[in-house]
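The basis for the numbers below is simple: all heavy atoms, side chains too, and nothing from hydrogens, waters or symmetry mates. A, B, ... follow the sequence lines: proteins, then strands. Residue 1 opens every chain. Fair warning: this is a prediction, and the values are worked out from it, not measured in the lab.
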Amino acid sequence: MDLKNKQRILITAALPYANGRLHIGHVAGAYLPADQAVRYLRLRGKEVHFICGSDENGAPITFSALKENVAPQDIVDRYHKAIFDAFAGLNVEFSVYGRTHTRRHDAVAQDFFLRLYERGHIVKKTGEQVYCTVCERFLPDRYIEGTCHYPDCKSPGARGDQCEKCGRPIDATKLVDPECMVCKTLGRESHGHIEVRQTDHWYFRLDSFSSALREYLDAHPEWRESVKRFSYGLLDQGLKERGITRDMEWGVPVPLPEGEGKVLYVWFDAPIGYITFSREYFESMEHPDEWKDFWQDPDAGLVHFIGKDNTVFHAVIFPGMLMAHGDYRLPDAVVANEFLNLEGDKISTSRDYAVWVDEYLSEFPADPLRYYLTSIAPESADADFSWKQFQQHNNGELADNLGNFIQRNLTFCHKYFEGKMPEIDHPTPAGEAVLKEIEAARVEIGELLEEFHFKAALERLMRLSQKGNQYFAEEEPWKSRKTDMAACARTMHVGMKIVEALSVFMNPFMPSSSAKLRGFLNLPAAVSGDWYAESKLQGGHALNEPEVLFPKYDDSVIQPHIDRLAGKLNKG
RNA sequence: GCCGGCGUAGCUCAGCGGUCUAGAGCGAUGGAUUCAUAACCCAUAGGUCGGUGGUUCAAUUCCACCCGCCGGUACCA
């Protein structure tokens with residue numbers, strides 16, 4: 001995605017919906033790859049800003065508030081903080097983590113809406129919608145249930161958007177014996193008070209950008225297959241006007257006189273949040289106009305990281321909105337991951353069938369999770385998280401391969417070289433080969449990361465570590481140190497170069513372990529701007545005392561997690 | 001229903017514009033070794049590449065149909 005030639009890059013990660021805790025599916029989908037890209041690009045000396053924040057509007061938040069008998073603001077305050085803390089614990093470090101339920105965001109989103117309105121890209125239409133007379137509000141289709149209106153189905157439990165039984169789309173206004181799920185959740189009588197009422201809404205004329213959007217996709221053959229397939233699929237079916245307003249109080253008010261009691265649809269305002277937060281960020285940096293460099297100047301880079309469920313909004317609708325507005329450039333890339341399952345089943349927040357980040361972090365450090373999630377990253381197909389496999393990857397790869405390689409080198413230097421980097425006159429041919437291998441890894445890991453192939457990049461890193469172990473075994477420094485210290489030093493000097501290189505290459509994937517290792521090496525932790533351009537570890541350099549970098553976890557700490565999830569399934 | 005994905009060694013997966021005797025990691029077996037988190041290193045293990053048919057000199061890789069899972073279907077975000 002030709003980021004190589006871009007010096008200034010803005011990266012966004014999908015805005016988490018502030019209505020629940022953060023789980024591993026979210027992390028693997030968007031935030032971890034985005035964070036790794038940010039860290040890598042910075043190592044390459046790019047100016048990178050990482051934009052994210054809470055998506056705080058939308059109907060589900062108001063329903064959560066009803067359920068808990070608190071204000072919607074209480075809900076978003078709670079989860080905004082919880083999610084931010086979880087990110088911090090995982091070392092996912094944003095330049096800014098904003099929120100959308102603010103006056104400022106209202107203003108930015110309203111301006112955006114008005115611009116489209118004035119340019120004729122938004123039209124008002126009157127339609128029928130289901131209304132609950134007890135809740136005194138219109139309901140999203142998902143929140144009513146009834147009997148399927150297809151004569152050959154007539155199954156109960158059909159939702160307003162789709163019949164669970166026959167799978168066909170439902171016209172919510174035609175459901176038989178509709179039931180308000182909000183009332184039901186709140187323990188109220190849920191039948192008999194659903195009406196169909198007329199209401200006005202504004203629609204974004206996405207259809208008028210069909211050909212422009214197709215050209216946009218055509219210009220990006222390098223995007224991931226799944227994103228292209230999905231987006232072209234939508235275009236082939238024919239785009240429709242999208243309703244972008246809702247009858248609610250909670251959200252960004254529609255900035256029109258007739259818009260009383262209506263707000264912008266959450267998915268219209270959410271991506272505009274990227275713009276709001278960018279502006280807030282650069283204002284806080286006292287460069288209030290600099291956001292324009294990234295949103296309007298094609299020389300800068302703009303990349304969105306998302307989960308595949310957001311593809312329609314980021315690859316089609318938002319670009320359409322930006323086109324309609326006219327002042328914006330289009331994103332260079334939309335990087336979407338597939339879904340992460342858990343122990344073979346779908347992650348389900350409502351059933352508490354998930355690995356929550358805060359829960360994980362109360363017991364384990366961030367890096368083993370970052371490592372495992374990257375090693376199974378759902379880049380081209382859905383992947384499956386299993387605790388057993390987490391344990392195996394941690395113990396067998398992180399600890400036994402990478403950690404042990406580092407450990408054996410460092411302790412060897414401390415035992416037989418007085419804690420110093422061994423001095424060397426000249427490397428052996430085998431040593432030369434290893435140095436070339438380091439350079440090859442540097443280039444290849446870099447290329448893979450530039451193309452957002454995080455899983456392959458991590459595998460490449462691990463192969464370097466394995467190479468190091470092979471070298472160590474072949475050279476047998478434990479023998480030469482008894483007979484030929486100069487030969488031993490030649491071996492260890494080169495081995496330590498691998499350790500040093502790993503300390504840099506590890507950084508995007510496992511930042512805190514990278515920093516720790518840099519500490520053992522007595523090198524500056526911050527390697528910003530330096531993708532191992534040259535070795536800083538010269539002969540005689542004093543090393544610090546190492547500790548075990550990646551401890552192993554035995555069954556006693558893993559099994560309870562497996563049991564907990566199995567319990568959730570049995571009940572569900 | 002329609003659109004899309006998946007089904008490859010015991011397990012988890014690479015392989016997605018037909019060239020090698022179909023690969024990797026883990027697991028298993030044998031060997032070597034002791035610097036290291038009983039770690040590492042070497043060797044081996046022969047899986048009808050979901051099924052059937054077709055195109056082709058040649059298909060896991062292309063096409064058709066079938067079986068089994070899964071996702072989307074635009075007011076869930």
Please work out which residues in residues 408-415 of chain A have a non-hydrogen atom less than 4.0 Å from an atom of RNA chain B and list them by number.
-> A:R408, A:T411, A:F412, A:K415

What pairs with A:H121 under ring pair (Phe, Tyr, Trp, His ring centres under 6.0 Å), at least two apart in sequence or on another chain?
-> A:F209

Mind jotting down which residue pairs meet the salt bridge (charged side-chain N to carboxylate O under 4.0 Å, His left out) criterion with at least one end in residues 368-391 of chain A? Sequence neighbours excluded, please.
-> A:D35-A:R370, A:K308-A:D382, A:K388-A:D555

Tell me, which pairs form a salt bridge (charged side-chain N to carboxylate O under 4.0 Å, His left out) where one or both residues lie in residues 229-245 of chain A, sequence neighbours left out?
-> A:K125-A:E241, A:R205-A:E241, A:R214-A:D236, A:E225-A:R229

Taken in chain and number order and not counting sequence neighbours, the residues that satisfy side-chain hydrogen bond (donor to acceptor under 3.5 Å, both in side chains) with A:Y265 are none

Quick one: ring pair (Phe, Tyr, Trp, His ring centres under 6.0 Å) partners of A:H493, sequence neighbours excluded?
-> none

With sequence neighbours excluded, what pairs up with A:N341 under the side-chain hydrogen bond (donor to acceptor under 3.5 Å, both in side chains) test?
-> none

How would nucleotides 71-77 of chain B be written as a contact map, 5' to 3', with B for base contact, S for sugar-phosphate-only contact and - for no contact, using protein heavy atoms under 4.0 Å?
-> SSBBBSB

Give, ordered by number, those residues of residues 482-497 of chain A having at least one heavy-atom distance below 4.0 Å to an atom of RNA chain B; if nothing qualifies, reply none.
-> none

Identify, with sequence neighbours excluded, every residue that meets side-chain hydrogen bond (donor to acceptor under 3.5 Å, both in side chains) alongside A:T483.
-> none

The ring pair (Phe, Tyr, Trp, His ring centres under 6.0 Å) partners of A:W387 (sequence neighbours excluded) come to A:F364, A:F385, A:F390, A:H561

Residues in ring pair (Phe, Tyr, Trp, His ring centres under 6.0 Å) contact with A:H23, at least two apart in sequence or another chain = A:H26, A:W356

